[in-house]
There are 2 protein chains.
Amino acid sequence: MARAAGVSEATVSRALRRLPHVAPATAQRIEAAAAALGFTPSDSAAALATGRTRLVSVVVPSVVSWFYGSVLEGVDATLRAAGFSAALIDLAQADGVRRRLTARELRSARPIGHVVVGFELDAAEQALLREASAPIVTVGARIEGVPGIGIPEERAAEMVVEHLAALGHRRIGHVGADREEGMNPAVGAARRAAWAAAVARLGLESRPEWFGSGAFRIEASRDAALAMLGAADRPTAVFAASDISAFGVLLAAQALGLRVPEDVSVAGIDDHPFAAAHDLTTVRQSPREQGERAALVLLRGLGVGRGAVPAATPLELVQRASTAPPA
Amino acid sequence: MARAAGVSEATVSRALRRLPHVAPATAQRIEAAAAALGFTPSDSAAALATGRTRLVSVVVPSVVSWFYGSVLEGVDATLRAAGFSAALIDLAQADGVRRRLTARELRSARPIGHVVVGFELDAAEQALLREASAPIVTVGARIEGVPGIGIPEERAAEMVVEHLAALGHRRIGHVGADREEGMNPAVGAARRAAWAAAVARLGLESRPEWFGSGAFRIEASRDAALAMLGAADRPTAVFAASDISAFGVLLAAQALGLRVPEDVSVAGIDDHPFAAAHDLTTVRQSPREQGERAALVLLRGLGVGRGAVPAATPLELVQRASTAPPA
DNA sequence: TTGAAAGCGCTAACAC
DNA sequence: GTGTTAGCGCTTTCAA
């Protein structure tokens, strides 16, 4: 390659990395030769020579989920644009239970940073992440002393309850989640607490039966809603902890012959790709954007890029036909 | 590290890779030292020394989709179990349009194999994949001269139509897909052709208006079904080209006040995670398993693993409450 | 069964 | 602005 362009290896290296101190004409000649020969420098060799890779590990509970998949996509796209790559560490197993992070998969690739998505990692796993003192950023999760990207969970829940209350609802149930396998349990807990707090603050009616646990899954949410909405003194509105939970609530309403929104209003959080088709009122969060921001924060931590990371897009209530004043 | 175990680098290398000709006692001592020091060999250095990485590129149109995400998860898990890693190449962009595969991202990592998922790649992209003469396997796509994993599309569609016909339906509509961005257009075309063929073969009624294009998306499918089911001489059953299409059809039925299955039967293909909650009859395919099998085929092509790749799980009709005899 | 030595394809420091 | 040199951390002969 160096011979083909009639220069030394070092000059090729400089030209291809667009370092200064290369004559424009030389650079052009080298680029042309590289294109002609189909030459692309080896990441492995570069990593060995520099002592650092351009890899960022992205640890996810699973990739089969709108939320996690979108975060991954945002992280990946942003890293790639900056000349880095995502090394996917997917902890999902065939049986749905998450496996533990292993030392080998984390260390052998020598990632220079880590993005941890939607997780509860145990102490040993956190220690593994920290051992190389590479920067870490979380998305939808919290690790002590580590920057985290995410939405204000309490505020999102509050917005839904306030919206329903503003429509005139005084009996607002919640189909939430105590915990979901692999997922950060704080999310469900925060949304539930915010619901309870808002109900109290707004002086709304409250019944223990107006909470049901749906584990962020459609079937469990449907079942929880069947119980809640099948009872005599049912709520007139349901705040679902996520859009997927809300889809379960809609199924329950349908099964019970309740019209939405005439008999019961339903609202969620996410703005899932199916939400618009279901006419579901929801508070939009953008996981892709959260992934992008996480990658930017991480890149800043690596000294790449300048300026502040763009602020989060504000949470937005997307009003659709699933909510209306009570009959 | 070598010093810590009191042996040479070469012996450490042999021991950690479990090569023959290492005394058991020596191997144990080395393993212990590695564990104590937290030593994991560098992939980059190993790749440079051997001339080959242990990376397989996985090219996907997007990762935010049950199907693609599941395939990726299957590929990743299988590769990891064999000591290889997936290098994700996600061609999705923020605007939803897929970007082209670039030479740089494909070459710099020096993958030793490629898995291409659900794609239509143009000639230049295919040439890029082939240039290093690394083995290639596709999933849910076809590339000339390359082994491909996937379900028999025609058979899956046929099974749905036959099921509906067996229930007594003679007016079976189809909400299908002409093409979806980034996706292999052959899938929608094959399912549609199989529907038309089965309708003809079984001597069922046929109307041009009983086909609608839903692009495998829930809203477009809903709209197509609204037109089809809103007409006076509507079909008594709808074969949706995928479960997501079927969810759209269910929404349309609901909007039109049609009961499922009393007024109209609905069936899809996939067994999407939401299908059971919707009581949707469907033909199950397992994208995760397809991913696993693709990885196994690829590993065989690399000379790793022995024996034949397990046969595909047969397509299975999952009968649920969304289909019943016509009224 | 183990060690010594060369070299994989780059980058970095230094000279020119 | 460009070339020379050494060396990154492994693996792989080849000898011992």
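Values below: every heavy atom of this structure, side chains too, minus hydrogens, waters and symmetry copies. Just so we're on the same page: letters track the sequence lines, and every chain starts at 1. Owing to the predicted nature of the structure, the values given are computational and were not obtained by experimental measurement.
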Exercise for the section: Applying side-chain contact (heavy atoms from CB on, under 4.5 Å), name anything that partners B/R142, two or more places apart in sequence or on another chain. Expected result: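 Here no residue qualifies.
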Handout entry: Any donor-acceptor N/O pair, A/E73 side chain to B/V63 backbone, under 3.5 Å
Key =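 Side chain of A/E73 to backbone of B/V63: a pair is present.
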Handout entry: Side-chain donor/acceptor of B/R293 to backbone N/O of B/V309, under 3.5 Å
Key =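 Pair absent, no side-chain N/O of B/R293 close to backbone of B/V309.
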Contacts under 3.5 Å, N or O only, protein and nucleotides 14-16 of chain C:
none

For [X] and [N], what is the distance between atoms [atom1] and [atom2] respectively, to the nearest whole Å?
X: A/R52; N: C/dA12; atom1: CZ; atom2: P; answer: 11 Å
X: A/E9; N: C/dA12; atom1: CD; atom2: C1'; answer: 13 Å
X: B/L48; N: C/dA6; atom1: CG; atom2: C1'; answer: 13 Å

Problem - Atom CZ of B/R300 with >12 non-hydrogen neighbours under 6.0 angstrom - result: yes
Exercise for the section: Anything under 4.0 Å to a heavy atom of chain A counts; send over the first and last such nucleotide of DNA chain D, read 5' to 3'. Expected result: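 Listed 5' to 3', the contact boundaries are D/dG1 to D/dC10.
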Please report, to 0.1 Å, the donor-acceptor pairs under 3.5 Å made by any side chain of residues 104-113 of chain B, with sequence neighbours excluded.
{"unit_1": "B/E105", "atom_1": "OE1", "unit_2": "B/R99", "atom_2": "NH2", "d": "3.1"}
{"unit_1": "B/E105", "atom_1": "OE2", "unit_2": "B/R99", "atom_2": "NH1", "d": "3.0"}
{"unit_1": "B/E105", "atom_1": "OE2", "unit_2": "B/T102", "atom_2": "N", "d": "3.0"}
{"unit_1": "B/E105", "atom_1": "OE2", "unit_2": "B/T102", "atom_2": "OG1", "d": "3.2"}
{"unit_1": "B/R107", "atom_1": "NE", "unit_2": "A/T40", "atom_2": "OG1", "d": "2.9"}
{"unit_1": "B/R107", "atom_1": "NH1", "unit_2": "B/E131", "atom_2": "OE1", "d": "3.1"}
{"unit_1": "B/R107", "atom_1": "NH1", "unit_2": "B/E131", "atom_2": "OE2", "d": "3.0"}
{"unit_1": "B/S108", "atom_1": "OG", "unit_2": "A/D43", "atom_2": "OD2", "d": "3.1"}
{"unit_1": "B/S108", "atom_1": "OG", "unit_2": "B/R104", "atom_2": "O", "d": "3.1"}
{"unit_1": "B/R110", "atom_1": "NH1", "unit_2": "A/T40", "atom_2": "O", "d": "3.0"}
{"unit_1": "B/R110", "atom_1": "NH1", "unit_2": "B/R107", "atom_2": "O", "d": "2.7"}
{"unit_1": "B/R110", "atom_1": "NH2", "unit_2": "A/T40", "atom_2": "O", "d": "2.7"}

Side-chain donor-acceptor pairs of residues 24-37 of chain A under 3.5 Å, sequence neighbours excluded:
{"unit_1": "A/R29", "atom_1": "NH1", "unit_2": "A/A5", "atom_2": "O", "d": "2.6"}
{"unit_1": "A/E31", "atom_1": "OE2", "unit_2": "A/R18", "atom_2": "NH2", "d": "3.0"}

Exercise for the section: Taking only heavy atoms on the protein side, list every residue of residues 23-38 of chain A lying under 4.0 Å from any atom of DNA chain D, sorted numerically. Expected result: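 Per residue number, the list reads A/A23, A/T26.
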Exercise for the section: Tell me, with the steps shown, if B/L72 and A/D90 meet side chain to side chain contact (heavy atoms under 4.5 Å, CB included). Expected result: CA-CA 10 Å; B/L72 171 60; A/D90 181 352; 5.9 Å; no
Exercise for the section: Determine: side-chain N/O of B/T11 to OP1/OP2 of C/dG3, distance under 4.0 Å, yes or no. Expected result: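 Yes, because at least one side-chain N or O of B/T11 sits under 4.0 Å from OP1 or OP2 of C/dG3.
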Handout entry: Pairwise 5' ranking along DNA chain C for B/A45 and B/H21, keeping only the more 5' one
Key =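 Its nearest nucleotide lies further toward 5', so the answer is B/H21.
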Completion exercise
Residue pair A/V12/B/V7 against DNA chain C: nearer the 5' end by closest nucleotide is B/V7
Practice task
Evaluate the criterion side chain to side chain contact (heavy atoms under 4.5 Å, CB included) for residue pair B/Q126 and B/V116; output intermediate values, then yes/no.
Solution key: CA-CA 10 Å; B/Q126 292 191 24; B/V116 178; over 6 Å; no
Handout entry: Sugar-phosphate only, base, or nothing, as touched by B/R110 at under 4.0 Å among non-hydrogen atoms
Key =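 Sugar-phosphate contact only.
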Problem - Where A/L101 and A/E125 come nearest, the two heavy atoms and their spacing - result: N-OE2, 2.9 Å
Exercise for the section: Compare every heavy atom of A/V75 with every heavy atom of A/G291, then report the nearest pair and how far apart it is. Expected result: O-CG2, 3.3 Å
Practice task
Side chain of A/S42 only, please: which of C/dG3, C/dC10, C/dT11 is the nearest?
Solution key: C/dC10
Handout entry: side chain to side chain contact (heavy atoms under 4.5 Å, CB included) between A/L298 and A/F84, intermediate numbers included
Key = CA-CA 11 Å; A/L298 197 85; A/F84 293 78; over 6 Å; no
